[in-house]
Amino acid sequence: MSKRGAEIKDVDKRAKRKKLWDHLNEKGGEFLTPLDDAYQKLVEEQYDNLYHQQCKNIPCDLHQKVQWAFQVLLSNGYLYQDRVKLKSKTIITPVSRTLIGQPGHTYKYLNLRLFTLPWCFGNRQPKNEVEEACAVFKDLNDYFCQHVKDLIIKKYAKEKNTENGSSHNNDNEGKTEQDIEELIDRNSNFNVTLLNYLDPSIVHMRYEPYYNMGRLAVSWHKDENLMVGSTVAVYNHSCQETKPCEDEAWKVGLKVAWNTEIPAIAVPLYDGDCYCMLNGMNDTHQHCVIAGTSSRFSSTHRVTESTTSTLAYIQSRVNEALQNLTQDGGSHHKLKSLKAAIQHGGRHHKLKSLKAAIQHGGRHHKLKSLKAAILQLTEEVHNEVEFEWIRQFWMQGVQHSKEREYWMEPMEKLETDWRKLELMTKLAVDIATGENDNREDVATAILPEITKRHELRNEWMARFTGEELCQIPNEHTPDYRPHWTKTDASLPLPFDLTDILVQLQNTAESKT
């Protein structure tokens, strides 16, 4: 989404929030729990894709393994609070989290990309108890995949047999058997789980503002970056020896998104309970988490939108962009020619070509094509790999990177390829600021993405104030990588692109 599109969406969300707030202030927000007489009818009519499964209906051995795995990850320091940027503020999430799932997958929320701890290990066995714990969540994931499949089949059969062929919210009306199979695939192919932990005795939480449900562990939201129409499945582990009363229990709150007339609901969650928001409920409803009195873990299984969020995707994008870079390995005589030309008053751009060739192992690089679309693709990918992958990974600190051994080699390869993209930008800039006939077209093609890169670098470097940095534990201190100074000759372009932007702007404007 473009920056302008995000701004419009934000304005629309603020307007909806104000309308909801004004209405609820005037009339008061109503919510029901299972103790209310009207609760079951409301669920059937407005929340019929919510499925709550009690602890006793889940295999005992699975409970034991999952609850052991939670404790292993917590005791080894794998669950910690995220620092996210909302508008101009740095927010420390009340909940501590980590992401587990398919190797090479990521999940992005609140502009922070989380990188999976793998839950499977190819042909080898887990090599320590942390990996064993991650593998347990693959077992839980397999359980949810089958559970959701069974729920959809049961729901479809029930609605198919409903008298007169329809019901109030019949999502499956008119669907063929093939449609149902596709529905099952979309809903049950969970590829990651986001683990959450919160001890309400040590974390400050504000109160739920609309319905006075209690203290908010997680505010009202829809889960981001999921496959449209997919299910979210959640396992709840409340650390209490005895079952609490409803007032002391953790709860999931749900409401129809931005609706001011339909009552919300609050569903108590006891140790070992599960619930599923089935078949697109996340798209039409919002949910929150209300804190109980005990510590609580959860494992939230999702079908992430994986077309742009996997390692394979970004590697493919980078490889596509690098297709426009070529090099001549046997360019010793060309270097001698360039040196001779410079010694005899050669042009300035030849001097720059010589420096670039020397810095990159004596090879003379060039761009295969100067077509605008290809140049724009290169610069788009350059920005994507730098700001959506490399900086996102290192900004989360040294502990984060050490824990993700799987990611280290791929991230180093992405950085190597990013350096090649820097070189490609340098080659394009040299053409745009040189004496080439098509310099204006090249400048016009690359200027927007390089402008964006300059702005984003400034934003990332200013992501935390000095005061905020002092409050971040050493193991989570951001690594502003990549970053370099003017004296670093290993990179072809400066970190600060101000002067280059002026040159490109002048060249682009000269065309008109």
Side-chain angles (χ1 to χ4, degrees), residues 33-34 52-82 92-100 114 117 119 128-141 143-144 147 192-208 213-219 232-254 266-277 287-302 399 403 473:
T33 76
H52 180 203
Q53 187 176 24
Q54 293 182 344
C55 168
K56 63 183 180 181
N57 297 320
I58 299 164
C60 289
D61 63 329
L62 186 58
H63 283 304
Q64 293 171 355
K65 291 195 300 181
V66 169
Q67 294 176 15
W68 169 83
F70 278 132
Q71 292 294 341
V72 166
L73 292 170
L74 180 66
S75 63
N76 282 276
Y78 278 71
L79 292 160
Y80 39 83
Q81 293 168 283
D82 292 325
I92 300 177
T93 59
V95 177
S96 297
R97 295 187 168 98
T98 199
L99 186 71
I100 300 176
L114 302 180
L117 297 169
W119 60 22
N128 52 50
E129 71 171 2
V130 168
E131 289 192 350
E132 290 174 2
C134 291
V136 166
F137 288 100
K138 177 65 166 63
D139 295 339
L140 179 60
N141 196 71
Y143 170 82
F144 274 134
H147 179 57
V192 302
T193 178
L194 184 62
L195 268 57
N196 305 284
Y197 171 75
L198 190 144
D199 181 350
S201 68
I202 63 174
V203 176
H204 173 74
M205 291 171 283
R206 64 190 181 93
Y207 279 82
E208 192 281 314
M213 288 182 177
R215 292 186 300 166
L216 273 175
V218 182
S219 301
V232 177
V234 181
Y235 180 95
N236 176 78
H237 172 34
S238 305
C239 305
Q240 286 177 302
E241 294 183 2
T242 59
K243 186 175 181 179
C245 64
E246 184 175 303
D247 288 343
E248 296 178 345
W250 284 76
K251 302 175 185 70
V252 58
L254 298 109
V267 184
L269 300 172
Y270 301 106
D271 188 30
D273 283 3
C274 299
Y275 66 92
C276 295
M277 295 183 290
H287 60 282
C288 69
V289 180
I290 304 300
T293 56
S294 66
S295 299
R296 182 242 191 188
F297 295 91
S298 68
S299 180
T300 61
H301 296 247
R302 302 143 188 264
Q399 179 175 334
E403 290 172 352

Practice problem: Tell me, with the steps shown, if Phe297 and Gln71 meet side chain to side chain contact (heavy atoms under 4.5 Å, CB included). | Solution: CA-CA 9 Å; Phe297 295 91; Gln71 292 294 341; 3.5 Å; yes
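- Side-chain contact between Leu117 and Tyr78: present, with at least one pair of heavy atoms (C-beta onward) separated by less than 4.5 Å.
- Residue Ile290 holds its CD1 atom at 7.5 Å from NZ of Lys251, rounded to the nearest 0.5 Å.
- Using modelled atom types and a 3.5 Å distance limit, the side chains of Gln399 and Glu403 yield a donor-acceptor pair.
- Checked by atom type and distance alone, the side chain of Thr93 pairs as donor or acceptor with a backbone atom of Val95 at under 3.5 Å.
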Quiz item: Would His63 and Tyr235 satisfy ring pair (Phe, Tyr, Trp, His ring centres under 6.0 Å), going step by step from the backbone distance to the final call?
Solution: CA-CA 10 Å; His63 283 304; Tyr235 180 95; 5.7 Å; yes
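- Between Gln53 atom CD and Cys276 atom SG the span is 7.5 Å, to the nearest 0.5 Å.
- Ring geometry for Phe144 against His147 counts as tilted: the plane angle lies between 30° and 60°, on a 0 to 90° scale.
- Looking at Ser299 and Leu140, their side chains come closer than 4.5 Å, going by heavy atoms from C-beta outward.
- Judged by distance alone, the side chain of Asn196 and the main-chain N or O of Arg97 form no donor-acceptor pair under 3.5 Å.
- Between Asn76 and Glu129, the closest side-chain pair of non-hydrogen atoms falls below 4.5 Å.
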Practice problem: Apply side chain to side chain contact (heavy atoms under 4.5 Å, CB included) to the pair Leu198 and Met205, showing each step before the final yes or no. | Solution: CA-CA 11 Å; Leu198 190 144; Met205 291 171 283; 4.1 Å; yes
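- Side-chain contact between Trp250 and Gln240: absent, with no pair of heavy atoms (C-beta onward) separated by less than 4.5 Å.
- Remark: side-chain polar atoms of Asn236 are not paired, donor with acceptor, to backbone N or O of Cys274 under 3.5 angstrom.
- For the atom pair NE2 of His204 and CZ of Arg215, the computed distance is 9.5 Å after rounding to the nearest 0.5 Å.
- Annotation: the span from Leu74 atom CG to Ser96 atom OG amounts to 8.0 Å, rounded to 0.5 Å.
- Between the CD1 atom of Ile100 and the CG atom of Leu195 there is a distance of 4.5 Å, given to the nearest 0.5 Å.
- Taking the six-membered ring wherever Trp is involved, the centroid distance between the rings of Phe70 and Phe137 falls below 6.0 Å.
- In this structure, Thr193 OG1 and His301 NE2 are separated by 3.5 Å, a value rounded to the nearest 0.5 Å.
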